[in-house]
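Data first, discussion second: the structure below is written as structure tokens.
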Amino acid sequence: MNASRPPHGNFINYLLALVAIFSLNFILPRMMPGDPLHAIYGDEALVAMTPQMEAYLTEKFALNQPWSSQFTAYASGLLQGDLGYSYYYKDQVSTVIMGALPWTLLLAGLALIIATILGTALGIESGYRRGRPLDRGLIASLMFLSGFPDFFVGILLLLIFGVCLGVAPLSGATTPYSGATGLAYALDVAHHLILPLSALVLVQLGGIYLLTRNTMVSVLKERFIMTARAKGCSDSRIRYEHAGRNSLLPVVTATGMRLPQIITGALFIEIVFSYPGVGSLLSSSLDARDYPLIQGILLLVTVAVLTANLGVDLLYRRLDPRVRYAH
Amino acid sequence: MHTNPLMDVLRDPLGKAGIILLAAITLMAVFAPFLSDYSPNQYTGEIFSRPSAEHPLGTDSVGQDIWSRLLWGARTSLAVGAAVALISTICSIFIGATSAIFGGLYDRFWMRIVDAMLAIPAIIVMILVAAYLRPDLLILVLLLSAFSWPPGARILRAQTLSLKERMHVSAAATFGAGWSHILKRHIIPDLSPIIVAVMIADCRRAIFMEAGLSFLGVSDPTMVSWGKIMHQSLQFTYLDVWQWWLVPAGIALSLTLVGLSLIGFSLESAMDPRLASRPRKEIGGGSDA
């Protein structure tokens, strides 16, 4: 359903969402049966923990005090950027995540850009040729493709190009110990990136394409298109500058809604390709039950999605003057 | 209403393809015990055996028959999808429609919650909760339902708002009908194509999320699920086994999701008034460069 979100992206919704996530992060481990320290740090971590350390941590999380002071301790820790300590990686959670983040941003960012450009272009061409073979073919094939779960598209690409044909690397983001620098390094990164990136783009393409196509179909019925035609504008001009440009607005709004999908899609695809980003980190933290790291990653992803959504809302106001006047 | 969108789906080739796909998977799930001689968790005596008459898809790393795990996986997926679609759509109808009917503070309260929940990426919260709870099937269904009602509630509220202004609803109100009667007799019947669309979207999302969570390895370990099959088999891509272990599970999951998307897409196109007119008659659609 193309029910585009109402553009009044008021801060309160985002604030509420943020508070909900923080509270969930706070409540979940404390709701678990047994010692909250066990739930916060996981059973595996406590095996290696000394009584002094346990006392220190109990003090730090204010676990021997009422809930209100526990929450104050939790909130003040977060405000100082303290996400806790990952016993599995033996480092601060924030440091561990920051090490993996650039790879995820590279993957998700490029996928967003490529899928948006490709999806809009295909949507414009397809909507312009509504009902013709190209349009029908594109709809059927992209609908089919976007129905696939992102991690399975990744697995298929990995199996076809990595395992069977052997033309792409099976895992990682760079060739280990290659010592390559400069251009050789960039090419190596691109070589490792191409499969995960294609998987993410292939899955995301369908939604963007379909939205542009349907908007295009309705924009082409507007009077100003007829005027443009009567003036003798060329077909390509009408297609891109008159109709295509007006089909962009819903795409921008939908980008905000698409961001969570792209980011979570990137997380899953990283796991398939053992790409050293936040997704692989999440996978290994889930396997090791490294709860502070799991919480830190999910908190970071949520904050990223909320911030990006807010940004899209603000951008939308600039793009569409009608929204600005309406407020 | 001159058209019935639900009937249009049956005529649309994409919709038909979706229904056939879904029907095939449903048959697999229903007749699972008759299609395989093994129970999904039974140890068959050999590990990593290649496909044979005995085991159509061979056996996996712990000696379970892959074909029967695939069949039982269909049961899990469809059960999760259907249950979540039902529970979450009932919540969506109730909250969306009553918000539209009552309006005021009640409406603002629910829409605020819907907006806040739409802003949070549901799969992320699900992963977090599942990591702690390791949910079994029932808890998983309840969790998924708790996170999938908001989009449907927003859509159904918008539709109810416009239905509320129709003559027959005002007439019923004038005759003294209460809100629950109006909801049951006048609003919900008119909403039915949209309710079906919401259910399909909820069902699809639930199946996808269950598979995703199992693929991450955070669901109940005793559950037989396509996502879990993929999680287990992904570690063995260096052997030939992926051909009959990893790929069939992925294809089964994908075809189920594609089937649901096709039905949903076809239904939405049938309902979208912007796409309703015949292609030949519109301005600008005729000529080509």
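Chain letters run A, B, ... following the sequence lines, proteins first, then strands; residues in each count from 1.
The distance from the CD1 atom of B:Ile127 to the CG atom of A:Leu282 is 5.5 Å, given to the nearest 0.5 Å. In this structure, CZ on B:Arg112 lies 4.5 Å from CD1 on A:Ile12, to the nearest 0.5 angstrom. Rounded to the nearest 0.5 Å, atoms CD1 (B:Ile123) and CZ (A:Phe268) are 4.5 Å apart. The CG atom of B:Leu128 sits 7.5 Å away from atom CD1 of A:Ile294, with the distance rounded to the nearest 0.5 Å. We find the OG-CD1 distance between B:Ser269 and A:Ile139 to be 7.0 Å, quoted to the nearest 0.5 Å. If you take OG on B:Ser254 and CZ on A:Phe151, they are separated by 8.0 Å, rounding to the nearest 0.5 Å.
Heavy-atom neighbours of B:Arg108 CZ from other residues, nucleotides or ligands within 6.0 Å: at or below the threshold of 12. Counting heavy atoms of neighbouring residues, nucleotides and ligands inside a 6.0 Å radius, atom OH of A:Tyr240 exceeds 12 of them.
Of the two parts of A:Leu145, neither the backbone nor the side chain holds a non-hydrogen atom closer than 4.5 Å to a non-hydrogen atom of chain B. Heavy atoms of A:Leu298 lying under 4.5 Å from chain B belong to its backbone as well as its side chain. In this structure, no portion of B:Leu267 lies under 4.5 Å from any heavy atom of chain A. Only the side chain of A:Leu306 comes within contact range of chain B, with at least one heavy atom under 4.5 Å from a heavy atom of that chain. Contact of A:Gln261 with chain B is not made at all, since no heavy-atom distance falls under 4.5 Å.
With chain B as the partner, the residue from A:Pro260, A:Ser146, A:Pro149 showing the most heavy-atom pairs under 4.5 Å is A:Pro149. Ranked by heavy-atom pairs under 4.5 Å with chain A, the first of B:Val114, B:Ile120, B:Leu133 is B:Ile120. Ranked by heavy-atom pairs under 4.5 Å with chain A, the first of B:Ala116, B:Gly250, B:Ala17 is B:Gly250. Options B:Thr256, B:Val125, B:Leu246, B:Leu262 differ in how many heavy-atom pairs under 4.5 Å they form with chain A, and the most are formed by B:Leu246. The candidate with the highest count of non-hydrogen atom pairs below 4.5 Å against chain B, out of A:Ala140, A:Gly147, A:Ala243, A:Ala20, is A:Gly147.
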Open item on the list: Assess the residue pair A:Phe152 and B:Leu253 against the criterion (side chain to side chain contact (heavy atoms under 4.5 Å, CB included)); give the C-alpha distance rounded to whole Å, side-chain angles, the decisive distance to 0.1 Å, and a yes or no.
Closed with: CA-CA 9 Å; A:Phe152 187 59; B:Leu253 173 63; 5.7 Å; no

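Using modelled atom types, no side-chain atom of B:Tyr132 and backbone atom of A:Tyr291 make a donor-acceptor pair closer than 3.5 Å.
With contacts defined as side-chain heavy-atom distances shorter than 4.5 Å, the pair A:Val272/B:Phe215 qualifies. Between B:Val258 and A:Phe148 there is a side-chain heavy-atom pair separated by less than 4.5 Å. Residues B:Asp115 and A:Tyr14 are not in side-chain contact: their nearest non-hydrogen atoms beyond the backbone lie 4.5 Å or more apart.
The minimum heavy-atom distance between A:Ile155 and B:Met230, with the atom names listed, is CD1-CE, 3.8 Å.
Each of A:Thr264, A:Ile297, A:Leu300 was evaluated against B:Ile124; a single residue qualifies, A:Thr264, per the side chain to side chain contact (heavy atoms under 4.5 Å, CB included) test.
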